Amino acid sequence: MSLPLLLSFVGLCVLLALTPGPDTFLVLRFSMAGRRQAVAAALGSALGGIVWAVVVAAGVAALLEQSATAYRTLKVIGGIYLVYLGVRALLSRRRGPDEEGETSAPETDSRVRSAFAAGLLSCVLNPKVGLFYLAVLPQFLTQVTFANTLTLGAIESTVAAIEMVLLAVAASRAVALLRRPRVRQRLEQASAAVLAALGIGTAASAA
């Protein structure tokens with residue numbers, strides 16, 4: 001790959017990273033719970049991009065492009081998962097927010113792992129990510145090979161990770177300034193509702 005092509009690809013990745021999507025709202029959702037969980041969700045989503053890069057490099061993702069049924073199925077599953085995350089967040093708020101300082105270290109670590117898994121699954125279950133790699137990456141390659149495709153996937157995931165981690169840190173700091181229970185509760189309810197709405201829209205669009 002030539003340097004101009006590489007720079008063009010990086011610029012495209014930056015623009016895409018700045019475009020809000022399900023992963024962005026997921027990171028914002030976890031930023032309500034704290035910086036560690038938000039960063040974990042961001043890194044999980046970035047790793048999901050690497051998974052898609054491997055899948056595309058192996059040629060498996062071509063099945064999504066050729067099979068409307070496979071594409072719709074994965075889209076419905078991804079939509080249902082987003083709805084599940086939104087509903088779970090709303091239900092957790094009804095049970096009442098945790099008091100600061102009462103969460104044990106093992107429980108915090110468990111929540112961080114859950115946030116990472118949520119980010120990973122959100123990206124992996126989004127077929128649009130796979131189709132992006134399948135359709136766009138070859139345009140920036142002079143020779144389409146497994147290594148070259150994986151390299152571009154790693155670049156895109158790195159750019160996305162940097163953007164989402166910065167978003168996670170900024171959002172969690174902003175939330176720290178809004179510690180009033182009522183304000184925080186409304187923000188968490190709004191972010192959970194957005195996730196659920198995105199999930200319903202994703203699943204409905206597959207019909």
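Remember, predicted model here, so these are calculated numbers, not experimental data.
When all heavy atoms of Thr19 and Thr24 are compared, the pair lying nearest together is O-OG1, 4.1 Å. For the residue pair Asp23 and Ser122, the shortest heavy atom distance occurs at OD1-OG, 2.8 Å. What you find for Ala42 and Val165 is that their closest heavy atoms are CB-N, 3.9 Å. In terms of heavy atoms, Val129 sits closest to Trp52 at CG1-CD1, 3.6 Å. For the residue pair Gly34 and Ser172, the shortest heavy atom distance occurs at C-CB, 4.2 Å. Contact detail for Phe140 and Leu5: the closest heavy-atom pair is CD2-O, 3.5 Å.
Residues Leu166 and Val39 fall into different hydrophobic clusters, defined by Ile, Leu, Val, Met, Phe, Trp and Tyr side chains chained together at heavy-atom separations under 4.5 Å. Cluster annotation: Leu6 is connected to Leu12 through the hydrophobic network of ILVMFWY side chains, with a link wherever side-chain heavy atoms come within less than 4.5 Å. Each of Leu43 and Ile162 belongs to its own hydrophobic cluster when Ile, Leu, Val, Met, Phe, Trp and Tyr are linked at side-chain heavy-atom distances under 4.5 angstrom.
Counting only distance, with no hydrogens or angles, the side chain of Ser45 and the backbone of Ala41 share no donor-acceptor pair below 3.5 Å.
Atom CD1 of residue Ile50 and atom CD of residue Glu156 lie 8.5 Å apart, to the nearest 0.5 angstrom. For the atom pair CZ (Arg36) and CG (Asp109), the distance works out to 5.0 Å, reported to the nearest 0.5 Å. Rounding to the nearest 0.5 Å places OG of Ser157 at 8.5 Å from CE of Met164.
Under the 4.5 Å side-chain criterion, counting only non-hydrogen atoms from C-beta, Leu152 is not in contact with Asn148.
By the side-chain contact (heavy atoms from CB on, under 4.5 Å) test, Ala46 pairs with Ala161, sequence neighbours left out.
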Next on the checklist: Checking Leu167 against Glu163 for the side-chain contact (heavy atoms from CB on, under 4.5 Å) test, could you report, in this order, the C-alpha distance in whole Å, the side-chain angles of both residues, the deciding distance, and whether it holds?
Outcome noted: CA-CA 6 Å; Leu167 174 65; Glu163 185 273 335; 4.3 Å; yes
